[in-house]
There are 2 protein chains.
Amino acid sequence: MPRETKIPLPTLERLATCYRYLTDIESRNVETISSSAIETATGIHAAQFRKDLSYFGVFGRPGIGYDVDDLKRRIAGILKVENEQPVILVGAGNLGSALVGFFGLPQHNFHIVAVFDNNPRKIGQTLWDLQVQDVGRLSETNAQLGARIGIIAGPAVAAQNITDVLVDAGIRVILNFAPTTIRVPDGVGVRNVCFIQELAVLSYYLSKLPEPNVG
Amino acid sequence: MPRETKIPLPTLERLATCYRYLTDIESRNVETISSSAIETATGIHAAQFRKDLSYFGVFGRPGIGYDVDDLKRRIAGILKVENEQPVILVGAGNLGSALVGFFGLPQHNFHIVAVFDNNPRKIGQTLWDLQVQDVGRLSETNAQLGARIGIIAGPAVAAQNITDVLVDAGIRVILNFAPTTIRVPDGVGVRNVCFIQELAVLSYYLSKLPEPNVG
DNA sequence: CAGGGGTTGTGCATTATTTCACAGCCAGCG
DNA sequence: CGCTGGCTGTGAAATAATGCACAACCCCTG
């Protein structure tokens, strides 16, 4: 069913996971891969994976599997990660610095092109190859850069302000690392990454785990 | 239904989100809160939230809402975040450094008590108040520390090795920041946080968004 | 003490997602 | 060319999660 109606979010997440894996094995010169091999490598259930692909049209070859190179390109096309995309970052603290370093790696197509902060002591400092700019000039700067993707790496108290500034500057999707819920107008996408929250869920798991090595 | 059978994962994630919010408003001396107020603040559907709580027993009072202090304590009890818990971190790069700083904040009960790396240039360095140790001594060190929660902040190629070492040292749940899928034995919990993957999903959203300000 | 406005807890209907299971296809081999 | 072993694509069944709707409840006011 090549009609791309409404794609489940878990499907997109799995495709992203799979893309990561394909990038990995591509460098090992593997030419072809089956859905069950993907299952053992990534934990994604084979039938699930095939169905995920089926939302977007035909891919693999029965009896053979998927051509690694082709599959990777196709998923890249779906997720729109084939071409380099500019990203702007707000918050030049430790996390912000780590993110700039991380996305400085060449193996993915997201590139942080500007860093902003509101702390006068940080403005003007150099983070890797970027100079931290005043968040007050974000809109102005992005009018030239034209980034649509923004990352919030500031503290929770500042997150909503930052969000408003980003949206105002034409940012359409936001990756939010601040441990708080941000409000955005319709038509702006958000994903939250909250470290404490992740640990809290793990902490629950931990409490439910049977005690090991009793004896 | 106070029987705590099998809790949906989304429920735990919502409770964690809510806990974060409660911590926030508690400091503002709000005494009571309704599920619909929680909805407007966090985006969690009110009925959904009430049902989440119902998995764990009775809480609020009809006509009034929830006592903020009590609710927070109860959720803390569910997620087991009332008491401070030791966490060990592997990977003393930029991200690792940011994480140590982040969890150094006193407002949550996770505390990084040791940092490990395999890079000789990093071993012995000081990260905030901790000295980076050789990952080869992880098991030995944790025999004394007794941490059950581990964080992987190393590169993808090292992730599986790190995982094995952690599990061997008695770590039962792992927060994995390395952009790869790690394999763990039964009874060990994992949550993955992958920046590229988050951006990839946002990139898909972005491509589906209608173009704004046409005119 | 009766009535009203507001809020909870929850069974049930609805929607979303996963898993199964199998027909159909592919390459290789004799 | 016909058979075999392996793998895909997908409808249908099963499972999971969400959202609705309403009885029961609480405080306040008069």
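Below, read A as the first sequence line, B as the second, and so on, with proteins coming before strands; counting in each chain starts at 1. Remember, it's a predicted structure, so these values are computed and weren't measured experimentally.
When only modelled atom types and interatomic distance are considered, A:Arg14 and A:Thr42 share no side-chain donor-acceptor pair under 3.5 Å. Using modelled atom types, one finds no donor on one side chain facing an acceptor on the other under 3.5 Å when comparing A:Asn94 with B:Ser97. B:Asp52 and B:Thr11 form a side-chain donor-acceptor contact under 3.5 Å, judged by distance and modelled atom types alone. A donor-acceptor pair shorter than 3.5 Å cannot be found between the side chains of A:Arg183 and A:Gln160. Looking at B:Gln107 and B:Thr23, their side chains never bring a donor and an acceptor atom within 3.5 Å of each other.
Remark: B:Arg74 qualifies as a cation-pi partner of B:Phe59 under the 6.0 Å distance and 45° angle criteria applied to the six-membered ring. Geometrically, B:Arg61 does not engage B:Tyr66 in a cation-pi contact, judged by NZ or CZ lying under 6.0 Å from the ring centre and within 45° of the ring axis.
Atoms OH (B:Tyr55) and C1' (C:dG11) sit 13 Å apart, rounded to a whole Å. We find that CG of A:Asp52 is positioned 13 Å from C1' of D:dG9, with the value rounded to whole Å. The CZ atom of A:Phe49 sits 15 Å away from the C1' atom of D:dT10 (whole-angstrom rounding). In this structure, B:Ile7 atom CD1 and D:dA16 atom P are separated by 13 Å, rounded to whole Å. Counting to the nearest Å, the C1' atom of C:dC25 and the OH atom of A:Tyr66 are 13 Å from each other. Taking atom CZ of residue B:Arg74 and atom C1' of nucleotide C:dT8, one finds them 14 Å apart after rounding to whole Å. One interatomic measurement links the two molecules: CD of A:Glu13 to C1' of C:dT18, which rounds to 15 Å at whole-angstrom precision. For B:Ile44 and D:dG19, the CD1 to P distance is 11 Å, given to the nearest whole Å.
Among C:dT17, D:dT8, D:dG19, the nucleotide with an atom closest to any side-chain atom of A:Pro10 is C:dT17. Among the nucleotides C:dT8, D:dT18, C:dT17, the one closest to any side-chain atom of B:Gln48 is D:dT18. Between D:dG9, D:dC7, D:dG19, one nucleotide has an atom nearer to the side chain of A:Phe59 than all others, and that is D:dG9. For A:Ala47, taking side-chain heavy atoms from C-beta onward, the closest of the listed nucleotides C:dC20, D:dC20, C:dG9 is C:dC20.
A salt bridge does not link A:Arg73 to A:Glu26: none of the charged side-chain nitrogens sits closer than 4.0 Å to a carboxylate oxygen. Look at A:Asp24 and A:Arg20 and you find no salt bridge, because none of the NZ, NE, NH1 or NH2 atoms lies under 4.0 Å from a carboxylate O.
In this structure, B:Arg50 does not reach the D:dG19 phosphate: none of its side-chain N or O atoms is under 4.0 Å from OP1 or OP2. When the side-chain nitrogen and oxygen atoms of B:His45 are compared with OP1 and OP2 of D:dA17, none of them lie within a distance under 4.0 Å.
Heavy atoms of B:Ser35 sit under 4.0 angstrom from primed sugar atoms or phosphate atoms, though from no base atom.
No hydrogens or angles were tested; on distance alone, nothing pairs the side chain of B:Lys51 with the base of C:dG9 as donor and acceptor under 3.5 Å.
Bending across the helix from C:dC1-D:dG30 to C:dG30-D:dC1, expressed as the angle between its end axes from five pairs apiece, amounts to 0° (10° rounding).
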With the sugar-phosphate defined as primed atoms, P, OP1 and OP2, and the base as all remaining atoms, what B/S/- string results for nucleotides 25-30 of chain D, 5' to 3', for protein heavy atoms under 4.0 Å?
BBS---
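In this structure, the ring of A:Phe177 has its center less than 6.0 angstrom from the ring center of B:Phe195.
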